[in-house]
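A short write-up of the structure that comes next.
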Amino acid sequence: MVQMTRSRGNAGKKLTPLHIFLTIFLCGVSFYTGTLSDKCHANGKTGEVNERNIDAIVQERLKAEVLLFYNNDKALPSKEEYKRQVQYDNGSGVGLLDVESATENCDTMNVINTNNPGNTRQCFAIVGNYESYHVQRWMRVPLEKGKVDPKEPLRAVSRGYDKNGAQQFVPPSEKDIVKHWGILKTYFEGYEENMAELKSVAEKVAIKNTVIVMTCNMGQSELLMNFVCNAKAKGLDVSNVLVFPTDQETQDLAEGLGLATFYDKKNFGDMPSGEAKHYGDKAFVAMMFAKDVDVVWYKNPLEYFHDPTNEFRDFDMYFQDDGAHTTRYAPLSANSGFYYVRNNQRTRYLFTSLLYNGDQILTSHSHQEALVQLMNEHSSLFGLRVKVLSRDMDEFPGGWHYHRHSKDYMIKVVKEEITPIIFHMSWTKNKDNKLKFFQQMGQWYTNDACIAHTKNDIMGNHDMAEGDSLLEPCCLAEPNIVCHYRDKPSKIPCRDVDPIDEGRPSFW
């Protein structure tokens with residue numbers, strides 16, 4: 001909270017700190033990527049504020065006051081009462097204006113999002129200087145490394161430096177840089193041949209010029225199978241899904257389920273075929289681009305993104321809110337497991353840059369961290385428009401809702417009082433737990449006889465011919481609901497089984 005302290009003896013005097021006029025508008029302001037909205041208070045009266053787009057990235061949904069600075073008289077509000085209110089102290093504090101009135105004459109506006117991680121004694125300095133679109137962080141810390149020390153001078157530090165001296169962001173190691181060079185070498189050697197083949201495949205499956213991309217290895221194949229079986233049971237079309245399998249067994253399964261595939265043996269040949277045991281292990285890091293098939297659809301999400309009446313229609317990219325609003329993923333908290341991208345010059349260059357930043361992914365063990373950092377910079381530099389769909393929305397829930405959010409929301413989902421568009425089982429330790437949680441939710445439509453089996457195994461066990469589809473033996477018409485843990489959301493009460501977290505009460 002930014003505050004200004006003034007005495008009543010200053011009443012009527014013009015406020016010109018640093019020669020900048022200022023006002024503050026109180027809103028229940030709702031700040032999240034691309035929007036500023038909700039109800040605001042002006043002179044004690046509540047008024048509706050129209051939803052508006054702001055060409056800046058802001059982090060999470062907040063209820064807060066906003067401090068607004070004007071550096072030009074012509075930018076002040078038009079109404080004389082408001083114009084005087086933001087220039088003079090009348091003894092009752094800084095003026096409170098609604099959003100529309102406060103910003104009506106702002107031709108441009110720089111939005112600064114800030115918090116106080118670590119609850120330090122934090123100050124803000126706005127300096128008239130050569131324009132910068134980055135916030136510099138300064139701390140009283142030793143020159144090389146160490147925790148906050150009031151005896152030290154203020155020094156410029158990384159935005160990931162915390163008060164105890166830990167550094168969240170480090171440059172890639174030489175080992176990871178050299179390893180990434182080798183990956184890029186293989187990629188570029190087969191680029192032209194692969195692109196020609198991929199273009200032909202993508203054009204055949206595209207619907208309304210849109211392709212749904214999924215990546216998978218054999219260790220995650222039952223999640224891919226469940227995605228298809230789940231959609232089939234709900235009558236949802238997945239014919240424009242293009243799977244990038246990382247091994248031959250997954251390609252055979254995907255094609256047996258009726259999906260188009262593109263298997264690049266040169267680039268994926270060294271990928272592990274087993275699933276990751278937990279977040280950040282070697283298999284997880286190696287499969288960074290091939291791990292998120294842990295999604296089920298309630299509706300086709302393309303209908304949302306293609307809707308011309310959608311209030312967020314004009315963004316380049318849409319992301320599910322990860323829920324983890326930490327410095328590591330600031331300022332977006334965008335989950336990189338489910339997202340929608342429009343094909344344009346800005347998005348193509350973003351992913352080109354991500355390709356070149358593979359060494360950072362190897363060092364940080366996080367594709368998400370690297371992508372968020374690049375989106376932040378490209379939004380500032382190139383005007384990339386990123387929309388993170390608020391975690392307070394009903395349409396795009398994920399692991400944060402399942403594991404951390406108020407259980408009222410999940411009760412409404414399992415009771416079908418709320419029908420989301422998709423559900424992404426993120427924030428979950430491994431594949432086995434994801435399978436169990438989908439079973440409890442009533443979203444598991446895969447026959448146990450097909451789990452962890454290759455196409456040849458399934459065909460042999462069901463006396464099938466070579467060209468037969470895997471849909472009939474592997475997909476269930478009704479969900480297989482199984483209780484595993486009493487403390488996790490479930491379609492039916494699971495009071496008689498143990499909790500996954502010791503001592504936790506039943507979800508029901």
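Scope of the values below: all heavy atoms of this structure, side chains included, with no hydrogens, waters or symmetry mates.
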(message) Nearest 0.5 Å, please: how far is CD in Gln439 from CD1 in Ile481?
(response) 10.0 Å
(request) Using modelled atom types only, decide if a donor and an acceptor are shared between the side chain of Gln320 and the backbone of Pro397 within a distance under 3.5 Å. (result) yes
(message) Under a 3.5 Å distance rule, please check whether Asn164 uses its side chain to pair with a backbone N or O of Ala166 as donor and acceptor.
(response) no
(request) Determine which pairs satisfy salt bridge (charged side-chain N to carboxylate O under 4.0 Å, His left out) with at least one residue from residues 229-244, sequence neighbours left out, and list them in order. (result) none
(message) Under a plain distance cut-off of 3.5 Å, with no hydrogens placed, do Thr261 and Gln251 share a side-chain donor-acceptor pair?
(response) yes
(request) Please state whether the rings of Tyr339 and Phe319 are parallel, tilted or perpendicular, taking 30° and 60° as the class boundaries. (result) parallel
(request) Provide the full list of side-chain hydrogen bond (donor to acceptor under 3.5 Å, both in side chains) pairs with a residue in residues 188-197, sequence neighbours left out, each pair given once. (result) Lys185-Glu189, Asn194-Asp264
(request) List for me each residue that meets side chain to side chain contact (heavy atoms under 4.5 Å, CB included) alongside Asp501, sequence neighbours excluded, and say none if there are none. (result) Asp487, Lys488, Arg504
(request) Using the six-membered ring of Trp400, assess whether NZ or CZ of Arg391 lies under 6.0 Å from its centre and within 45 degrees of the ring axis. (result) yes
(message) Please give me the minimum heavy-atom distance between Thr250 and Cys216, naming the atom from each residue.
(response) CG2-O, 3.8 Å
(request) Could you note down all residue pairs passing side-chain hydrogen bond (donor to acceptor under 3.5 Å, both in side chains) where residues 172-182 supplies at least one of them, sequence neighbours left out? (result) Ser173-Asp176, Asp176-Thr363
(message) Between Gln360 and Gln373, do the side chains contain a donor N or O and an acceptor N or O under 3.5 Å apart?
(response) yes
(request) Scan residues 217-227 for pairs that pass salt bridge (charged side-chain N to carboxylate O under 4.0 Å, His left out), counting only residues two or more places apart or in two chains. (result) Glu222-Lys431
(message) Test of understanding: with ring-ring contact (aromatic ring centres under 6.0 Å, His included), list the residues that count as partners of His424, not counting sequence neighbours.
(response) none
(request) Ignoring hydrogens and angles, state whether a donor on the side chain of Asn376 or Ser380 is under 3.5 Å from an acceptor on the partner side chain. (result) no
(request) Determine whether the side chains of Ser490 and His484 contain a donor N or O and an acceptor N or O closer than 3.5 Å. (result) no
(request) Return the orientation label for the Phe338 and Phe305 ring planes: parallel under 30°, perpendicular over 60°, tilted otherwise. (result) tilted
(request) Using ring-ring contact (aromatic ring centres under 6.0 Å, His included) as the criterion, point out the one residue from Phe423, Phe312, Tyr304 that pairs with Phe396. (result) Tyr304
